[in-house]
Enquirer: 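So that we are looking at the same thing, I have put the structure below in structure tokens.
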Amino acid sequence: QLVENFLALSKNAKAAAIAVDPAPKIEGYDLPTAVSDLVTKMTSTSTTTSTTTSCNCEVISVSPWGSFVGPLNALVVWASKKQRAESLLLISAETNASPEAIAELYQHAQEENTLV
């Protein structure tokens with residue numbers, strides 16, 4: 001559900017990324033592969049499905065995971081180096097917002113006198 005919500009929120013983004021902890025937590029379960037497979041499945045579904053997105057979503061394995069600093073830094077490096085992004089909007093997996101609300105937040109962040 002979280003990946004589906006994230007993809008819905010990022011449907012208008014030029015690119016998106018999901019940071020995951022690759023350290024084994026459950027024997028035989030590979031979280032990065034599971035998330036990658038789910039992203040692939042959801043981005044290649046029928047265009048009649050509301051979860052379909054045309055954005056390029058990449059899964060980034062972050063090790064060591066530690067606290068939020070490692071994953072946050074990995075996402076910032078991904079955006080600045082790989083995407084050459086001029087702006088970056090970070091959304092927590094627990095975020096409950098509509099794509100319209102995210103778009104409005106982004107528009108406000110583009111104003112020269114706004115710090116978000």
Side-chain angles (χ1 to χ4, degrees):
Q1 184 75 25
L2 292 176
V3 172
E4 181 178 344
N5 290 343
F6 174 77
L7 291 174
L9 288 174
S10 62
K11 70 180 181 180
N12 296 320
K14 293 178 184 173
I18 299 173
V20 296
D21 183 355
K25 304 281 192 258
I26 301 171
E27 187 176 334
Y29 185 74
D30 180 0
L31 180 61
T33 299
V35 173
S36 291
D37 289 349
L38 185 55
V39 166
T40 299
K41 177 183 174 190
M42 294 185 69
T43 57
S44 63
T45 56
S46 164
T47 56
T48 59
T49 305
S50 63
T51 58
T52 300
T53 180
S54 60
C55 94
N56 171 30
C57 185
E58 190 172 332
V59 177
I60 301 172
S61 294
V62 179
S63 183
W65 185 264
S67 64
F68 69 90
V69 175
L72 178 61
N73 286 343
L75 291 169
V76 170
V77 168
W78 170 84
S80 65
K81 302 285 184 186
K82 190 164 185 182
Q83 299 299 320
R84 298 191 181 274
E86 293 181 12
S87 59
L88 174 63
L89 180 61
L90 298 167
I91 302 173
S92 173
E94 296 82 11
T95 299
N96 186 11
S98 69
E100 295 79 19
I102 298 299
E104 184 173 340
L105 173 64
Y106 182 75
Q107 286 177 340
H108 286 290
Q110 297 304 305
E111 297 172 5
E112 289 188 30
N113 61 351
T114 302
L115 176 62
V116 179

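Just so it is clear, the values below take in all heavy atoms, side chains as well, and ignore hydrogens, waters and symmetry mates.
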Enquirer: Measure across Y29 and A34 and return the closest heavy-atom pair with its distance rounded to 0.1 Å.
Expert: OH-CB, 3.3 Å
Enquirer: What's the shortest heavy-atom distance between V3 and L38, and which atoms?
Expert: CB-CD2, 3.7 Å
Enquirer: What's the separation between atom CH2 in W78 and atom CD1 in I60, rounded to the nearest 0.5 Å?
Expert: 6.0 Å
Enquirer: Verify the cluster assignment for L90 and F6: are they in a single hydrophobic cluster under the rule of side-chain heavy atoms below 4.5 Å apart?
Expert: no
Enquirer: For residues P71 and S67, report the shortest heavy-atom separation together with the two atoms involved.
Expert: CD-O, 3.1 Å
Enquirer: Is the count of non-hydrogen atoms from other residues, nucleotides or ligands lying under 6.0 Å from K81 atom NZ greater than 12?
Expert: no
Enquirer: So, taking the atom named CD1 in I91 and the one named CD1 in I102, what distance separates them when rounded to the nearest 0.5 Å?
Expert: 4.0 Å
Enquirer: Heavy atoms only: give me the nearest A19-V62 pair and the separation to one decimal.
Expert: CB-CG2, 4.0 Å
Enquirer: Write down the atom of A17, the atom of L75, and the distance for their closest heavy-atom approach.
Expert: CB-CD2, 3.7 Å
Enquirer: Measuring from atom NZ of K14 to atom CZ of R84, what distance do you get when rounded to the nearest 0.5 angstrom?
Expert: 14.0 Å
Enquirer: Just wondering, are more than 12 heavy atoms of other shown residues or ligands nearer than 6.0 Å to CZ in F68?
Expert: no
Enquirer: Can you confirm whether V20 sits close enough to S61 that some side-chain heavy atom of one is under 4.5 Å from a side-chain heavy atom of the other?
Expert: yes
Enquirer: When hydrophobic residues are tied together by side-chain contacts of less than 4.5 Å, even through go-betweens, does I18 share a cluster with M42?
Expert: yes
Enquirer: So if you build clusters from Ile, Leu, Val, Met, Phe, Trp, Tyr with side-chain heavy-atom gaps below 4.5 Å, do L72 and W65 land together?
Expert: yes
Enquirer: Any idea which heavy atoms bring P99 and A8 closest together, and the distance?
Expert: CG-O, 3.5 Å
Enquirer: With heavy-atom distances below 4.5 Å as the criterion, would you say the side chains of L31 and K25 are in contact?
Expert: no
Enquirer: Is there a path from V35 to I26 through hydrophobic residues (I, L, V, M, F, W, Y) whose side chains come within less than 4.5 Å of each other?
Expert: yes
